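Working notes for the structure below.
By convention here, the first residue in the shown sequence is residue 1. As the structure is a computational prediction, the values presented were derived from the model and not from experiment. Start at 1 and go down the list; that is how both ligands and their atoms are numbered.
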Amino acid sequence: MRLQDKVAVITGAASGIGLEIARTFAREGAKIVIADLNQAGADAAAASLDPSGERALGVAMNVTDEAQVDDGMARAVAAFGRIDILVSNAGIQTVAPVEQFAFDKWKQLLSIHLDGAFLTTRAALRTMYKQGSGSIIYMGSVHSKEASALKAPYVTAKHGLIGLAKVVAKEGAAHGVRANVVCPGFVRTPLVEKQIPEQAKELGISEEDVVKKVMLKETVDGEFTTVEDVAQAALFFASFESNALTGQSLVVSHGWFMQ
Ligand code: NAD
């Protein structure tokens, strides 16, 4: 097992990509803290991994709330004694053209993706620095490297995560902490299912065309990336055995973006 008795905190892990990362890390022997908006959702996901509660804990955490983040991370340490891995994954999507984008929606998206990454990183580092080790993984996107119409705050935030990861890689090195970014293409989670009708309306095309001509147009094979694909990339970063792999980003997108 590649993560035997490591402790992983995963935000936004009640659903989609975060939940699959939690399942994958648990299969590899990790103890899992599911951090998500409400306690019931976090508890249900944690119970699906380990009904006994010995190796999985649900914590209610709005990642934009400083007190909730610090409290949730403290609960993780109280339960399992350490934090080896943070996956900063919680996120939302809102689509609209820039000139029509509501300021409150812009701020909400940036706050969840960027304030959330900062607050959870800061709390995790305080524990990881004491341990002298840790791995932080940010959930970026092809939109950390590329732009799409209608997604101004999302593209801005996802590009920003690469900058944060590089700073954390530099500062964390002396403490044995690595930071990296996984950059998936489109994955059919609730976040994407919601966008299909929204983009069809904004662009005046059918939902089928949103999938074929917008979302998957640039892939090499017209395929969605899966939650399992993304979880394997996260596992690669989490289980890497030396501090050589840091400050990097890995695109998993059926060739939509090549570098
Ligand atoms: P999802 O909607 O299935 O899951 C997102 C989770 O985040 C939910 O459980 C939600 O409750 C939680 N969340 C939202 N706001 C939160 C907050 N303020 N505090 C704590 N939790 C919060 O979406 P997903 O597709 O699994 O997305 C997960 C991450 O992957 C996001 O960062 C997203 O940007 C990124 N991503 C998704 C895709 C894709 O195509 N689905 C592609 C690239 C990157």
Side-chain angles (χ1 to χ4, degrees), residues 9-24 33-46 48 58-69 71-73 86-95 105 107-120 123 137-148 151 153-162 164-165 181-196 198-199 210-211 214-216 219 223-231 233-234 249-254 256-257:
V9 178
I10 307 167
T11 69
S15 171
I17 290 171
L19 180 55
E20 186 60 28
I21 292 173
R23 288 191 186 114
T24 302
V33 180
I34 304 266
D36 211 295
L37 278 177
N38 64 68
Q39 189 68 51
D43 283 346
S48 75
V59 299
M61 181 193 290
N62 181 339
V63 295
T64 68
D65 183 309
E66 186 176 14
Q68 285 188 32
V69 170
D71 181 59
M73 297 303 242
L86 166 67
V87 185
S88 171
N89 165 79
I92 61 164
Q93 178 63 279
T94 309
V95 294
K105 294 282 180 197
K107 284 191 283 194
Q108 180 197 32
L109 195 146
L110 288 186
S111 179
I112 293 172
H113 289 262
L114 292 179
D115 296 353
F118 162 68
L119 289 171
T120 53
I137 298 162
Y138 297 100
M139 194 50 61
S141 162
V142 164
H143 288 112
S144 300
K145 314 265 180 181
E146 262 296 350
S148 290
K151 296 188 175 174
Y154 190 82
V155 171
T156 304
K158 292 303 192 189
H159 275 67
L161 289 177
I162 299 228
L164 177 62
V181 189
V182 177
C183 299
F186 281 102
V187 184
R188 268 203 116 130
T189 64
L191 179 141
V192 159
E193 295 295 348
K194 172 177 162 282
Q195 280 174 64
I196 297 173
E198 286 173 359
Q199 289 212 39
V210 169
V211 171
V214 179
M215 292 182 166
L216 303 180
T219 62
E223 296 283 340
F224 277 100
T225 301
T226 65
V227 288
E228 290 82 4
D229 296 326
V230 183
S249 50
L250 180 63
V251 180
V252 192
S253 71
H254 285 259
W256 166 13
F257 180 83

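Side-chain atoms of D115 and V63, non-hydrogen and from C-beta on, never get closer than 4.5 Å to each other.
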Using a 3.5 Å cut-off on N/O to N/O, what pairs does ligand 1 make with the protein? A line per pair would be great.
{"from": "ligand 1", "atom 1": "3 (O)", "to": "S15", "atom 2": "OG", "distance (Å)": "2.7"}
{"from": "ligand 1", "atom 1": "9 (O)", "to": "D36", "atom 2": "OD1", "distance (Å)": "3.4"}
{"from": "ligand 1", "atom 1": "9 (O)", "to": "D36", "atom 2": "OD2", "distance (Å)": "2.6"}
{"from": "ligand 1", "atom 1": "11 (O)", "to": "D36", "atom 2": "OD1", "distance (Å)": "2.6"}
{"from": "ligand 1", "atom 1": "18 (N)", "to": "N62", "atom 2": "OD1", "distance (Å)": "2.9"}
{"from": "ligand 1", "atom 1": "19 (N)", "to": "M61", "atom 2": "O", "distance (Å)": "3.4"}
{"from": "ligand 1", "atom 1": "19 (N)", "to": "V63", "atom 2": "N", "distance (Å)": "3.0"}
{"from": "ligand 1", "atom 1": "25 (O)", "to": "T189", "atom 2": "OG1", "distance (Å)": "2.4"}
{"from": "ligand 1", "atom 1": "26 (O)", "to": "I17", "atom 2": "N", "distance (Å)": "2.8"}
{"from": "ligand 1", "atom 1": "32 (O)", "to": "N89", "atom 2": "O", "distance (Å)": "2.7"}
{"from": "ligand 1", "atom 1": "32 (O)", "to": "K158", "atom 2": "NZ", "distance (Å)": "3.0"}
{"from": "ligand 1", "atom 1": "34 (O)", "to": "Y154", "atom 2": "OH", "distance (Å)": "2.6"}
{"from": "ligand 1", "atom 1": "34 (O)", "to": "K158", "atom 2": "NZ", "distance (Å)": "3.1"}
{"from": "ligand 1", "atom 1": "36 (N)", "to": "Y154", "atom 2": "OH", "distance (Å)": "3.4"}
{"from": "ligand 1", "atom 1": "40 (O)", "to": "V187", "atom 2": "N", "distance (Å)": "2.6"}
{"from": "ligand 1", "atom 1": "40 (O)", "to": "V187", "atom 2": "O", "distance (Å)": "3.3"}
{"from": "ligand 1", "atom 1": "41 (N)", "to": "V187", "atom 2": "O", "distance (Å)": "3.1"}
{"from": "ligand 1", "atom 1": "41 (N)", "to": "T189", "atom 2": "OG1", "distance (Å)": "3.1"}

Scan the side chains in residues 9-22 for donor-acceptor partners under 3.5 Å anywhere in the protein, sequence neighbours excluded, and list what turns up.
{"from": "T11", "atom 1": "OG1", "to": "N89", "atom 2": "N", "distance (Å)": "2.8"}
{"from": "T11", "atom 1": "OG1", "to": "A90", "atom 2": "N", "distance (Å)": "3.0"}
{"from": "E20", "atom 1": "OE1", "to": "R23", "atom 2": "NH1", "distance (Å)": "3.0"}

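Heavy-atom contacts from other residues, nucleotides or ligands closer than 6.0 Å to NZ of K105 number 12 or fewer.
For L191, the side chain to side chain contact (heavy atoms under 4.5 Å, CB included) test picks out Q93, T189, Q195, with sequence neighbours left out.
Sorted by first and then second residue, the salt bridge (Lys or Arg N to Asp or Glu O under 4.0 Å) pairs with a member in residues 181-191 read R188-E193; sequence neighbours excluded.
Across all their heavy atoms, P184 and V187 have their closest contact at CB-CG2, 4.2 Å.
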